[in-house]
Protein chains: 2
Amino acid sequence: MVSCKAEDEFIENFGLFMESHSIFPRIAGRIYGYLLICSPPHQSAKDLVNRLRITKSSVSSMMRLLLQSKLVEEINLPGERPRYYRIKERGWENIFLENLQAFSAIRALLGEGRSLLDNREAEMLDRIEELDELYAFFEKEMPPLIERWKKFRKKEIKR
Amino acid sequence: MVSCKAEDEFIENFGLFMESHSIFPRIAGRIYGYLLICSPPHQSAKDLVNRLRITKSSVSSMMRLLLQSKLVEEINLPGERPRYYRIKERGWENIFLENLQAFSAIRALLGEGRSLLDNREAEMLDRIEELDELYAFFEKEMPPLIERWKKFRKKEIKR
DNA sequence: CACTAAGTTCAGTATATACTGAACTAACTA
DNA sequence: TAGTTAGTTCAGTATATACTGAACTTAGTG
C-alpha cells in the first residue's frame with residue numbers, strides 16, 4: 001500500500017488518457033495503469049481499493065469491464081482466498097485485431113449507400129467511393145501488417 | 001426534399017454506426033451519411049432540416065463539429081445567399097493521419113511508467129514493454145503504410 | 001427603413017454513464 | 001454455528017452530453 005508521487009502521477013495520467021480517448025472510464029484506466037507498474041504484478045480488489053482510494057464497488061464494476069475486454073485476468077494464489085488481478089498478455093494486440101471487423105462493417109454500409117447512387121454520373125459517386133477505397137486499402141493491408149507484427153514480436157521475445 | 005425508405009435506412013444506419021463507435025453524435029452521423037448520397041452533393045442547412053427532420057439548431061451545432069473535424073466543407077453558390085455543405089475530400093484520410101499522434105502520446109506515458117520500474121528484474125518489465133513494443137511497431141510501420149496508401153489512391157484516381 | 005431569411009446562442013429537458021455507499025450474498029474459518 | 005472476509009448488486013447522486021425551441025443576431029431585399 002506504499003504510494004509515491006511519481007506513481008500517483010502515472011496512474012492518474014493513464015486514467016486521464018483512457019478517459020479522454022474514450023477507451024475506458026477513468027477509474028478503469030487508473031486500475032490498468034497501476035497494474036502496469038505495481039509490484040507484485042498481481043493485486044487483489046482490496047489492494048486496489050487501498051492504493052487507489054476508490055470504493056470496492058468501483059473496483060467490482062470497472063474490473064468487470066477490464067476482464068470482459070480481456071485486458072486483465074484473474075489468478076488465484078494457492079492457499080489465499082481473494083482473487084488477484086494482473087495485466088493479461090497480448091490484451092491490446094487482440095483488441096486491435098478484433099477491431100478490424102469494424103472495417104468490413106463500414107464497407108458493408110458504404111455498399112448500401114453506393115447502390116442508392118446507381119445510374120448516376122461518375123462524379124456523384126466520387127465522395128462515397130473515395131471513402132470505400134480507404135477502407136478497402138486497410139482491409140487489404142492489415143493482414144500483412146499483422147504478420148509483420150507477429151514476426152516483430154517473436155524477435156523481441158528472443159532478445 | 002424527396003425521401004425514400006432505402007435512403008432513410010442508410011442515413012439512420014450511418015448515424016447509428018457513428019454513434020455506436022462514439023465517433024460522432026447520431027445527428028452528425030446522419031448528416032454525414034446524407035451528404036454521402038444526396039443529389040446534388042451540396043445541401044443547405046434548411047435542406048438538412050427538411051430532409052432529416054431535425055432542428056436548425058441541431059444542424060448548426062453538429063455542423064460545427066463536422067466542419068471542425070474537416071469532414072465537411074462549406075461552399076457558396078454565386079447569387080445564392082445560404083451556405084451549402086458537402087463532403088470534404090480526404091476527410092477521413094486526414095483524420096487517420098492526425099490520430100497517429102496518439103501513438104507518441106501513449107509511448108511517452110509508457111516511458112514514464114517504465115522508469116518507475118527501473119532496477120527491477122526483467123520479468124517485472126515485461127507487461128509494460130510488451131505494450132510499448134506494440135506502439136513502437138505501429139510508429140515504425142505507419143509511415144510506409146501511408147506511403148502505400150498514397151500510391152494506391154493515385155492509381156485509383158487515374159483509373 | 002421595414003421585412004424576411006440565414007444562422008447562432010442559450011436555457012431547458014432528456015438521457016446516459018461514472019461513481020459511491022449500503023445492503024446483500026457467498027464462502028471460508030474458528 | 002457464529003463471525004469474518006470477499007465480492008456483487010442496486011439505488012441514489014453527480015456529471016456530461018444530445019437535442020430542442022425560442023430568442024437573438026446578422027445580412028440581404030423590397
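Naming convention: chains lettered A, B, ... in sequence-line order (proteins, then strands); numbering from 1 in each chain.
- Put simply, CZ on B/R53 is 17 Å from C1' on D/dC19, counting in whole angstrom units.
- One finds no salt bridge joining A/D132 and A/R114 here, because no Lys/Arg side-chain nitrogen approaches an Asp/Glu carboxylate oxygen to under 4.0 Å.
- For B/K46 and C/dT4, the NZ to P distance is 13 Å, given to the nearest whole Å.
- For D/dG21, the base has a donor-acceptor partner in the side chain of B/S57 [N/O atoms by modelled type, under 3.5 angstrom].
- Residue B/L16 shares its hydrophobic cluster (ILVMFWY side chains chained together at separations under 4.5 Å) with no other residue.
- Closest approach of A/W92 and A/Y32 over heavy atoms only: NE1-OH, 3.1 Å.
- The interatomic distance linking A/I31 (CD1) with C/dA18 (C1') rounds to 12 Å, in whole Å.
- With respect to the salt-bridge test (charged N to carboxylate O, under 4.0 angstrom), the residues A/R30 and A/D8 do not qualify.
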Please output the side-chain donor-acceptor pairs of residues 39-46 of chain B that fall under 3.5 Å, not counting sequence neighbours, one pair per line with the distance.
residue: B/S39; atom: OG; partner: A/R120; partner atom: NH1; Å: 3.2
residue: B/Q43; atom: NE2; partner: B/P40; partner atom: O; Å: 2.8
residue: B/S44; atom: OG; partner: B/K46; partner atom: N; Å: 3.4
residue: B/S44; atom: OG; partner: B/D47; partner atom: N; Å: 3.1
residue: B/S44; atom: OG; partner: B/D47; partner atom: OD1; Å: 3.4
residue: B/S44; atom: OG; partner: B/D47; partner atom: OD2; Å: 3.0

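- Rounded to whole angstrom, the span from the CZ atom of B/R83 across to the P atom of C/dA5 amounts to 17 Å.
- Distances shorter than 4.0 Å separate none of the side-chain N or O atoms of B/S58 from OP1 or OP2 on D/dC19.
- If you measure from atom CG of B/L77 to atom P of C/dA5, you get 19 Å, rounded to the nearest angstrom.
- Taking atom CE of B/M63 as the reference point, atom C1' of C/dA6 lies 14 Å away to the nearest angstrom.
- Between A/R153 and A/E93 a salt bridge is recorded (basic side-chain N to carboxylate O distance below 4.0 Å).
- Residues satisfying the side-chain contact (heavy atoms from CB on, under 4.5 Å) test with B/T55, not counting sequence neighbours, are B/S57, B/S58.
- DNA chain D is contacted by no residue of residues 14-29 of chain A, taking any non-hydrogen atom closer than 4.0 Å.
- Evaluation of the salt bridge (Lys or Arg N to Asp or Glu O under 4.0 Å) rule for A/R64 yields no partner, not counting sequence neighbours.
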Table of protein N/O atoms under 3.5 Å from nucleotides 24-27 of chain D N/O atoms:
residue: D/dA27; atom: N3; partner: B/R81; partner atom: NH2; Å: 3.4

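- Listed nucleotides: D/dT9, D/dT20, C/dG21. Nearest to the side chain of A/S60: D/dT9.
- Residues in residues 98-120 of chain B take part in these ring-ring contact (aromatic ring centres under 6.0 Å, His included) pairs, two or more places apart or across chains: B/F103-B/Y135, B/F103-B/F138.
- An end-to-end axis angle of 10° holds for the helix from C/dC1-D/dG30 to C/dA30-D/dT1, taken from five base pairs per end and rounded to 10°.
- Residue B/I54 contributes atom CD1, which lies 13 Å from atom P of C/dT8 at whole-angstrom precision.
- Judged as a side-chain hydrogen bond (donor to acceptor under 3.5 Å, both in side chains), and not counting sequence neighbours, A/E89 has no contacts.
- At whole-Å resolution of the value, CG in A/L66 and P in D/dG7 are 15 Å apart.
- Side-chain atoms of B/R26 never come within 3.5 Å of backbone atoms of B/M18 as a donor-acceptor pair (strictly under, hydrogens ignored).
- A side chain to side chain donor-acceptor pair (under 3.5 Å) check over residues 73-82 of chain B, counting only residues at least two apart or in different chains, returns the pairs B/E73-B/R86, B/E74-B/R83, B/E80-B/Y84.
- In terms of heavy-atom proximity, B/L117 sits nearest to B/M124 at CD1-O, 3.7 Å.
- Sequence neighbours left out, not one pair with a member in residues 45-72 of chain B passes ring-ring contact (aromatic ring centres under 6.0 Å, His included).
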Within the sub-3.5 Å range, which N or O atoms of nucleotides 14-16 of chain C have a protein N or O partner, and how far apart are they?
none

